Number of protein chains: 2
Amino acid sequence: MTITIKDIANKAGLSPASVSRILTNRGRFNAETAQKVRDLAESMGYFKNQSAADLSQKESRVIGVLVPSSHTNFADEIIKGMQSKAYELNYELIVAFVESDIQQQIQTVKSLLSRNLLAIAMLAIDIDDTVLAVLLDTNVQLISVSNQLNNKIPSISSNNYDTVHDIVDYLYDNGHRDIALIGSSRPEPIVANLRRQGFINALSEHGITYNPDFIWGVENTYQTGLDAIKHFGVPLPFSAAIGSADIISIGLLNGAKDAQLSIPEDLSIVTIDGTDLTQLTRPILTSTKQNFQLMGQLAIKSLAEKKLSPHTIIFTDTTLVLGGTVASPLQRGKEN
Amino acid sequence: MTITIKDIANKAGLSPASVSRILTNRGRFNAETAQKVRDLAESMGYFKNQSAADLSQKESRVIGVLVPSSHTNFADEIIKGMQSKAYELNYELIVAFVESDIQQQIQTVKSLLSRNLLAIAMLAIDIDDTVLAVLLDTNVQLISVSNQLNNKIPSISSNNYDTVHDIVDYLYDNGHRDIALIGSSRPEPIVANLRRQGFINALSEHGITYNPDFIWGVENTYQTGLDAIKHFGVPLPFSAAIGSADIISIGLLNGAKDAQLSIPEDLSIVTIDGTDLTQLTRPILTSTKQNFQLMGQLAIKSLAEKKLSPHTIIFTDTTLVLGGTVASPLQRGKEN
DNA sequence: AATATTTGCGTAAACGTTTACGCAAATAAG
DNA sequence: CTTATTTGCGTAAACGTTTACGCAAATATT
């Protein structure tokens, strides 16, 4: 039924081994014969049986990608970056979405592990500890993208300390003194802690002792943004807020609007992430944009080069993108 | 290095065949022995080598999923539905993102086809004709989800004719007589035509001859929505618009706001799709919500049952979800 | 107690590809 | 012209699992 390498070999008067060498471009073969074989493969409608190849090959060129199904939409951009680099370097990606249900998580991970993988990349994943233990137990190469999990897994992400530090500087320069940081402290304790430290240190460098109440949030969701406004009440005790993710910031913005506040007059917002979502609001969100595509590319590149140690940390740059959600709080004074 | 079925067999004093029968739950075996073997597998850290299994098995339980990388975010919901059903029925999903670059498309499809697949599901995909030809040429089962491609591929989608027809009815009942339909006529000619027909027929049933100029749009993008407002100019020649996708409708809404129009007083909007994006705008978008999760579930279910013919068309229901973007145009008269 | 059926498991082949090894022919070097 | 090297390709084993077939032991049926 299906065409195999053997069929091609028969038709070409060669052995399967030769055909294999030609189609995989390994070993020695005659250039003319090679062209004949390639043409035959094309015309006979041959498709490599990857399972058979995987089975017989030592080294896999397949990289598994675990993506949270509660789908922060930057995952798309990371995957896009990965895919372009994978294509370029002739690797293959298998994407699997991870649900919150633990049983399902385990099944997903097992089904990934049951393939012959070069590595598994985890995108900003909120993965259960037991599942993580399973992953660490197998000796497949791991990498965490846009997140830092722990010191056993190499990571590629923005420098979260610097990012928040820079945002605080920017807000301070615009006259803000009372600043909030809205977002989850779970499930990325390392990232959250770095942000918190950047936040606290930046404030203290400006001679401001931070108010612990101003670091708030349970989850990285839209609802958290909405809730934040209700939690602090109007008038807000701060003049600017940093949203830990675009979707949170949109929640902040809508929550503020729903409470009859004007943005940015009554509240300045800077969001972390800077995906296309920032363009959908009015005013457009001011953001520190992460370079997700680059993260994806670097992930594949560094996996291909096999130079990752458990402690490797790669940072990608962020850039401040001006929208319309930051104003000086002094202006508000003038207006009154 | 890695644990195989043979290792387990040795330790259990059995043959590999028996272990295989036990772990796959096929054929005959003793219940006690089975438990012992399962425990051994667990404790030894065994992972099935899926490549080997695929190679030796006649029938695959793997379903490939082609997802557009220009990622309409409802794809997530479809995948979520697929994954839950796949988990339930013990199928496995391999997700691949399709770029717009044709070479890359071909590589992606080939890499899918080089696995032993039960079927390939295509999500709302704008796939190149040559690539589609490749897919049709192989005799792998295909299914199109949330889109109708042609009469050679079974599909699961909303009834696009009814959906638009119902929206027109709803808008008519709210007093609207001049209605526009904004969105692409490509790359889903069948879907676009059905919507167009639903649009035209519904209007004509209300005694309105439709204005062809009011069907407008190049792509299903945010920009199209923005452009639409500029294209028609202020004041708009219609009182209501149907956006073919949430992202278009957000474009319409923002475009209108940018032109100093008020929503819904100056323009009523109903959007097709009804993803979470509709909640992010102010006012919240009124939508006809498609049941994407159900589509995903049905896709897996019908593939599992193997009763799909090339002409099979399955419709899922849509529901009108009231937001704040529809007002009677008469109110505008009152206000003036 | 003799025969029939069921149960539990082992044997061995098969899936399609890759690859180490080796051999003969072709080419190069001396 | 002889010896050394390179080229092109075939042989055969290996990857880990599944499964048709068959056999002996256990159990059921008369």
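Throughout, protein chains are lettered first and strands after them, A, B, ... in sequence-line order, and every chain is numbered starting at 1. All figures in this text were calculated on a predicted structure; none of them were measured in a lab.
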- Give the minimum heavy-atom separation between A:Val145 and A:Ile78, together with the two atoms involved. CG1-CG2, 3.8 Å
- Report which part of the nucleic acid A:Thr4 touches: base, sugar-phosphate, or nothing (heavy-atom distance under 4.0 Å, all strands). sugar-phosphate
- Map B:Lys48 and A:Ala52 onto DNA chain D by nearest heavy atom, then report which one ends up closer to the 5' terminus. A:Ala52
- Message: Expressed as a whole number of angstroms, how long is the span from B:Phe47:CZ to D:dC15:P?
- Response: 21 Å
- Paired to D:dC23 by Watson-Crick or G-U wobble criteria (both distances under 3.5 Å) is C:dG8
- Task: Identify the heavy atoms of B:Ala96 and B:Thr108 that sit nearest to each other, and give their distance.
- Result: CB-CG2, 3.6 Å
- Smallest heavy-atom separation, A:Asp276 atom then A:Glu77 atom, equals N-OE2, 4.4 Å
- Give me the residues of residues 16-37 of chain A where at least one heavy atom lies under 4.0 Å from an atom of DNA chain D, by number, or none. A:Ala17, A:Ser18, A:Arg21, A:Arg28, A:Phe29, A:Asn30, A:Thr33
- Task: Return the value, rounded to whole Å, for the distance between atom CD1 of A:Ile5 and atom P of D:dG10.
- Result: 13 Å
- Message: Would you say CG of A:Asp317 has more than 12 non-hydrogen atoms from neighbouring residues, nucleotides or ligands within 6.0 angstrom?
- Response: no
- Establish, with yes or no, whether the OP1 or OP2 oxygen of D:dT18 is under 4.0 angstrom from a side-chain nitrogen or oxygen of B:Ser56. no
- Minimum heavy-atom distance between B:Asp128 and B:Gln105, given as atom pair plus value: N-OE1, 3.3 Å
- Kindly indicate whether a cation-pi arrangement holds for A:Arg21 with A:Phe29, taking the cut-offs as under 6.0 Å to the six-membered ring centre and within 45° of the axis. no
- From CZ of A:Arg115 across to C1' of D:dT17 the rounded distance in Å is 13 Å
- Task: Would you mind reading off the distance between A:Asn49 atom CG and D:dT17 atom P, rounded to a whole angstrom?
- Result: 16 Å
- Task: Specify the separation, in whole Å, of atom CD of A:Glu59 and atom C1' of C:dT19.
- Result: 15 Å
- Task: Could you give me the CA-CA distance, side-chain angles and deciding distance for A:Met295 and A:Ser158, then say whether side chain to side chain contact (heavy atoms under 4.5 Å, CB included) is met?
- Result: CA-CA 9 Å; A:Met295 288 185 202; A:Ser158 304; 3.4 Å; yes
Table of protein N/O atoms under 3.5 Å from nucleotides 24-27 of chain D N/O atoms:
none

- Task: Write down the distance between CG (B:Asn116) and P (D:dT17), rounded to a whole number of angstrom.
- Result: 16 Å
- Note on the structure: Heavy atoms of B:Ser114 and A:Lys48 approach each other most closely as CB-O, 2.7 Å
- Note on the structure: Winner on side-chain proximity to B:Leu14, out of C:dC9, D:dG10, D:dG16, is C:dC9
- Provide, to the nearest angstrom, the distance between the CG atom belonging to B:Leu55 and the P atom belonging to C:dA13. 17 Å
- Message: What is the separation between atom OH on B:Tyr46 and atom P on D:dG16, rounded to the nearest whole Å?
- Response: 10 Å
- Query: Parallel, tilted or perpendicular: which describes the rings of B:Phe97 and A:Phe97, with under 30° parallel and over 60° perpendicular?
  - Reply: tilted
